[in-house]
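So you know, we letter chains A, B, ... as the sequences are listed, proteins then strands, and number each from 1.
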Amino acid sequence: MTALIDVENLTLKFRTDEGLITAVDNVSFSLGTGEVMGLVGESGSGKSVTAKALMHLNAKNAVYTPESKITLHTENGPVDVLSLRTPRELNIVRGGAVSMIFQEPMASFAPAISIGKQMVEQLLLHGDYTKEQAKRWSIEMLDRVGISDAAKRFDQYAFELSGGMRQRAMIAMALSTQPKLLIADEPTTALDVTIQAQVIDLMKDLVEEFHMGIVFITHDLGVVAQTADKVNVMYLGRMIEEGPVRDVIRNSKHPYTQGLLAALPKLDDLDSPLTPVPGDIPSPLERPSGCVFHTRCSQMVGDVCKTVEPRERDIDASHKVACHIYEKVPA
Amino acid sequence: MSDVLIRAKGLSVGFPIGGGLFSKQILKAVDNVSLDIEKGSFFGLVGESGSGKTTLGRALLKAAPITAGGAHYSDGEVDYDLENITRDQLKDYRKRAQLIFQDPYAALSPRMTVRDIIAEPLEVMGLTRNRQETDARVREIAAKCRLNLEHLRRFPHAFSGGQRQRISIARALVSAPKFIVADESVAALDVSIQADVLNLLKQIQSEMGLTFMFISHDLSVVAHTCDHLAVMYLGRLVETAPTRKLFAAPRHPYTKALFSAIPSLDPDDRGTAQKLTGEIPSPTNQPSGCKFHTRCPFAIDHCKQVEPQLESDGTGHEVSCHRWKELMAPVAA
């Protein structure tokens, strides 16, 4: 496994009429080739914004602090993603070395252009293909993701495909440029469980075959358990817990992660009541002081939670948590 | 039985599609469905998208056209046959049967205050005599749904998803209905909030003696909330049973496949489940015989020709599959 992307001290704010809104607050992580990282959190936790930052894809009103650094390791050496400016430079991270799959496949395909034309277009943009080669490769990719009759589907439009089929086509398109890093933003949320299971299987096969890194964004811990090697849990723009998938799910340390797991309906125990995480995620305009989670936390250790921002502590070599409960653990 | 609130008998809903003036094709969204919803129960309806669960829910609210068969509503005060209900009866039925939608962002008008949103059904149905009475009723319901007075003055955009869903619930409850169809009411919410809304629905149901039809594609959610489940596939009921029975021993291959498709929380339990191949066929071009035979790993020739009927075993567990008995039998070593 070689290093693929390093994110250091990523802090990202949006300039709005109501002032600067912090969306991502001092987040660091790294990912290697062939590794799948689950990025978990509620809506508003900043997971999508973090992922978009990897492609430098956030809106114009996004402000990155000078300490924020994203380094993508490509065959031609490291690339400082946040310093890319011109469209030609940005091509490297937008569809070149990095591809993205979105949640709603119907919204990601242009409705009036055939699937095939859209696939060929991006190949011509990113690779050394003739039109004929691009077409052949696109059909091959459609076939590879399990779309039957790929040559016929190539000429069809997004509305002619079912939801699961569309998501497969989306995956085929994202992978056809052979990216090193794939960002999957809730790729199975809009799908039925049966189709979700198929898409998850497909993605696992593709990781092995293409040996790329995947950032898998989801709010479903079950999906994470089934796909990811390591997990990062986010809350209000902060990374609150990270570690190997087994540690985070079986031995979660942060009260928020524990709360998320307790809120999940479990099939093997129908009698246990559902325990919601109390309250709602605060508005980003009213970020709580101290630990961002203290307004909903049931395990506060004292006033320190309201006033001091917890630092990230090592539980062991790979499992980290940011919570005052673990204050005795050396930082 | 007097404790049945809604009894559907051979209920079908069809929509005319495409074709010319003389060659109308009928899309059967719900096909010959019979079920009983007992008073005070939490009845779950599950299936993939395209299985007809939303249409069935709407037909029971008389919001989708019933093309064959019928449904009988009886709450002890009134008795209505939904297939030929009169205008006046329908007006009354609207107060008694309500719907909670899936997407709390789309269901609330952005230009009305929360108070107006909740009060609207009262005003439209003429349930209160004056503004004081309306306000009192709105406050009472809002408190039940854990919204405070401060919230009532604001507009929906100021609320989070969970709060908005509580507003939608308050609006559905304000006319004091007896029957509520909750259509994917927690699907758009985060897990942490989802549990909260589910608990609220359960609490309201027992406090107000309501009957719920809970439509969902998420089996783990229905398992925790519903006492009775019906599984739909391509407009047909394929299995119905009390929740515990269904989860303890599912009989239909489709139900089993739905269960095994739920992603396990155990990272070491990957890919062991039996996966369903293919997708739900288009309702305009339905398979012959058993609708599920195109995806069923156990289909035999008989399944392709003869459509199975729901058969009961006398304990309230009904299944429509030709082979369920042999498939349940322990495999000989």
Side-chain angles (χ1 to χ4, degrees), chain A residues 41-45 146 148 162-165 188-198 200-201 204 219-229 231 244-246 248-250 256 259-283 296, chain B residues 46-51 158-163 166 186-200 202 217-226 243-244 247-248 254 257-271 273-282 295:
Chain A
E42 297 176 73
S43 21
S45 60
S148 55
S162 67
M165 208 68 103
T188 62
T189 307
L191 306 175
D192 282 309
V193 271
T194 53
I195 310 298
Q196 166 172 294
Q198 294 173 7
I200 287 176
D201 274 0
K204 280 191 229 165
H219 65 272
D220 188 333
L221 284 163
V223 173
V224 167
Q226 289 296 303
T227 50
D229 301 314
V231 184
V245 65
R246 283 174 189 79
V248 173
I249 288 192
R250 294 212 187 115
Y256 178 63
L260 279 183
L261 284 161
L264 216 58
K266 280 163 213 71
L267 281 178
D268 45 11
D269 185 8
L270 296 183
D271 290 313
S272 67
L274 298 177
T275 21
V277 182
D280 288 298
I281 193 165
S283 151
R296 299 171 74 186
Chain B
V46 281
E48 291 173 89
S49 28
S51 60
F159 294 92
S160 67
Q163 289 170 319
R166 295 210 291 271
V186 297
L189 304 177
D190 283 307
V191 268
S192 60
I193 309 296
Q194 172 180 302
D196 182 50
V197 171
L198 288 174
N199 288 345
L200 177 68
K202 284 292 257 191
H217 68 276
D218 188 334
L219 280 156
S220 43
V221 167
V222 291
H224 270 265
T225 39
C226 302
T243 307
R244 304 269 156 155
F247 273 82
Y254 180 61
L258 278 183
F259 284 171
S260 72
I262 302 171
S264 158
L265 252 186
D266 182 358
D268 289 320
D269 177 22
R270 289 186 178 180
Q274 161 214 340
K275 302 270 163 60
L276 209 52
T277 54
E279 295 180 31
I280 195 165
S282 156
R295 296 169 79 189

First locate atom CG of A/L264, then atom OG of B/S192, and finally report the distance between them rounded to the nearest 0.5 Å. 10.5 Å
Which bit of B/L198 comes within less than 4.5 Å of chain A, counting heavy atoms only: side chain, backbone, both or neither? side chain
Distance, nearest 0.5 Å, that separates CD1 of B/I262 from CD of A/Q226: 11.5 Å
Within a strict 4.5 Å, meaning less than it, do heavy atoms of the A/I281 and B/I193 side chains meet? no
Heaviest contributor of heavy-atom pairs below 4.5 Å to chain B, chosen from A/R246, A/Q196, A/H219, is A/R246
Could you look at A/T189 and say if it's the side chain, the backbone, both or neither that has a heavy atom under 4.5 Å from chain B? neither
Is B/S160 close to chain A through its backbone or its side chain, or both, or neither, when contacts mean heavy atoms under 4.5 Å? side chain
Contacting region of A/T227 [heavy-atom separation from chain B under 4.5 Å]: backbone
Does the side chain of B/S220 come within less than 4.5 Å of A/K266's, by heavy atoms? no
I need the residue from B/G50, B/A187, B/A223, B/S282 with the largest number of non-hydrogen atom pairs under 4.5 Å to chain A. B/A223
Less than 4.5 Å to any heavy atom of chain B: does that hold for the side chain of A/L221, its backbone, both, or neither? both
Part of B/D196 within contact of chain A (heavy atom distance under 4.5 Å): both
In short, A/S43 meets B/D190 closest at the heavy-atom pair OG-OD2, 2.5 Å
One option among A/G164, A/P265, A/P278, A/S148 has the most heavy-atom pairs under 4.5 Å with chain B, and it is A/P265
State, to 0.1 Å, how close B/E279 and A/M165 come at their nearest heavy-atom pair, and which atoms those are. OE2-N, 3.4 Å
At their closest point, which heavy atom of A/T194 faces which heavy atom of B/R295, and how far apart are they? OG1-NH2, 3.9 Å
Region of B/D266 in contact with chain A, defined by heavy-atom distances below 4.5 Å: both
Do A/L274 and B/Q194 come within less than 4.5 Å of each other through their side chains, counting heavy atoms only? no
Under 4.5 Å heavy-atom distance to chain A, tell me which part of B/I280 shows up: side chain, backbone, both or neither. neither
Which one wins on heavy-atom pair count under 4.5 Å against chain B: A/G146, A/G163, A/G259, A/A228? A/A228
A/R250 to B/P267 - nearest heavy-atom pair and separation: NH2-CD, 3.9 Å
Distance col, row A/I195:CD1 vs B/L276:CG, nearest 0.5 angstrom, shows 7.5 Å
Between chain A and each of B/S264, B/G161, B/G162, count heavy-atom pairs under 4.5 Å; write down the option with the most. B/S264
